Amino acid sequence: MNLFRTHLTVLCTVAVLTFSGQTAEVQAQTIGGSMVTFLGGKTGTRLGGGECAHMATEALRANGGEFFPGDLGADYPSAGNYVWGTLVTVISYSSNVWTDSAPTVAVLPGDVIQYCGSAKIGTTTYASNHTSVVKTVNTAVASRPTSVFQQNYGGVRTVQTANIDVTKLIAGSLRIYRPIARINATNVWKFTVVNNATTSQTYTVMVDVSTVSTINATAANTAGSFRIHKIGTTGTVPAVIDGTASIYAANAKGNEIYGAPVTIRQLSP
């Protein structure tokens with residue numbers, strides 16, 4: 001399930017900078033391809049707090065995609081149905097009819113699938129609001145997924161792969177999104193924090209001597225152990241502090257609370 005895609009925003013006025021010689025379509029394909037490579041190297045590894053949405057968030061963050069929920073748009077069509085970028089197609093089954101809203105538009109590796117309702121494909125039923133990332137597609141004129149990366153499925157809270165045949169959808173719907181490039185802005189930091197310590201941890205995000213937010217992160221491998229932040233400042237880099245351990249946040253980086261005694265480090269990538 002998708003739980004606790006929690007995000008926190010504190011912003012001031014900033015100047016947006018956009019530099020790209022690529023079209024949005026080329027950027028999206030580059031990001032998607034990088035996401036597939038990234039997730040292929042993370043099989044068997046827990047990303048974020050182990051939720052399915054955490055996997056997609058971290059894959060986007062590490063590969064140039066927009067990962068902050070507030071910049072991807074409000075949930076649609078209802079709360080918990082996350083938006084992950086540009087909508088490619090909606091595959092649904094209703095009143096005994098299977099439909100594909102854009103049958104000639106190709107799905108690409110790296111696209112993100114949001115499962116709406118209790119989607120069922122063949123004999124496999126997915127938890128409401130499940131999320132996966134397309135690994136491979138077929139070679140049809142309008143390609144469709146043949147395998148995915150997913151996390152928090154079947155009790156496994158690490159990245160795994162699975163085959164999929166969307167033509168066998170018999171309940172619910174799949175909304176498939178193309179990643180969009182992250183737009184960076186002067187004095188804005190977007191970053192994630194995961195608590196991988198065995199006990200809950202309270203950490204503070206500060207700018208200079210001012211506290212921006214105080215977060216109670218639950219213990220490792222839980223939905224509440226992962227947070228997505230967006231902080232706008234007048235030029236001072238925000239710091240993440242857990243007790244006596246601290247780290248300066250870097251844009252689009254992940255940060256991990258871990259160990260005994262507890263400390264903080266930046267993840268790579």
Side-chain angles (χ1 to χ4, degrees), residues 1-12 14 31 35 38-39 42 46-76 79-85 112 114 129-131 133 151-152 157 159 177 179-185 187-197 200-207 211-233 237-242 247-258 264-269:
M1 294 178 64
N2 282 335
L3 295 174
F4 285 85
R5 194 173 74 152
T6 305
H7 59 281
L8 300 165
T9 313
V10 178
L11 291 176
C12 62
V14 295
I31 293 166
M35 288 171 62
F38 172 81
L39 290 172
K42 297 295 184 180
R46 184 176 69 248
L47 293 180
E51 298 295 303
C52 53
H54 298 177
M55 181 199 73
T57 294
E58 288 294 85
L60 288 164
R61 176 193 62 74
N63 294 285
E66 182 54 69
F67 66 94
F68 185 73
D71 292 337
L72 285 167
D75 295 358
Y76 186 87
N81 295 316
Y82 300 147
V83 172
W84 295 99
V112 183
Q114 185 68 26
N129 304 327
H130 186 58
T131 303
V133 173
Q151 183 172 263
N152 194 22
R157 296 179 64 85
V159 178
Y177 293 94
I180 57 174
R182 185 177 61 253
I183 298 177
N184 297 317
N187 298 335
V188 174
W189 285 263
K190 302 176 187 180
F191 56 93
T192 61
V193 179
V194 61
N195 176 29
N196 277 329
S200 63
Q201 298 292 316
T202 298
Y203 69 88
T204 303
V205 179
M206 299 189 69
V207 174
T211 297
V212 174
S213 58
T214 300
I215 307 300
N216 180 26
T218 54
N221 198 23
T222 59
S225 65
F226 180 74
R227 291 292 188 276
I228 313 166
H229 294 269
K230 181 179 180 181
I231 308 295
T233 78
V237 178
V240 179
I241 301 171
D242 183 343
I247 191 169
Y248 284 106
N251 188 46
K253 293 296 185 179
N255 303 277
E256 177 191 32
I257 300 170
Y258 74 104
I264 305 176
R265 64 186 172 191
Q266 188 178 95
L267 296 171
S268 178

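For clarity, every value in this text was computed on a predicted model and none was experimentally measured.
- Here the CG-CG distance, from N187 to N251, works out to 11.0 Å after rounding to the nearest 0.5 Å.
- With a 4.5 Å cut-off on side-chain heavy atoms, M35 and L60 count as touching.
- Taking F191 as the reference, H229 meet the ring-ring contact (aromatic ring centres under 6.0 Å, His included) condition, with sequence neighbours excluded.
- We find the CG-CD1 distance between N196 and I264 to be 12.5 Å, quoted to the nearest 0.5 Å.
- In this structure, N81 and Y76 have side chains that are not in contact, with every pair of non-hydrogen atoms separated by 4.5 Å or more.
- Contacts of R157 classified as side chain to side chain donor-acceptor pair (under 3.5 Å), with partners at least two apart in sequence or in another chain: E51, N152, N221.
- Here the closest heavy-atom approach between residue Y203 and residue A217 is recorded as CE2-CB, 4.1 Å.
- In this structure, the side chain to side chain donor-acceptor pair (under 3.5 Å) partners of D71, at least two apart in sequence or on a different chain, are K190, K230.
- In plain terms, the two heavy atoms of T218 and N195 that are nearest each other are O-ND2, 2.8 Å.
- T192 pairs with exactly one of K253, E58, E256 by the side chain to side chain donor-acceptor pair (under 3.5 Å) rule, that one being E58.
- Rounding to the nearest 0.5 Å gives a distance of 5.5 Å between CG of L72 and CD1 of I180.
- Residues N129 and Q114 come closest through the heavy atom pair O-NE2, 3.4 Å.
- Rounding to the nearest 0.5 Å places CD1 of I215 at 9.5 Å from OG1 of T202.
- Closest of all the heavy-atom pairs between Q266 and I247 is N-CD1, 3.4 Å.
- Pairing each heavy atom of V237 with each of A249, the nearest pair is CG1-O, 3.0 Å.
- Considering every non-hydrogen atom in both I228 and T57, the closest pair reads CD1-CG2, 3.8 Å.
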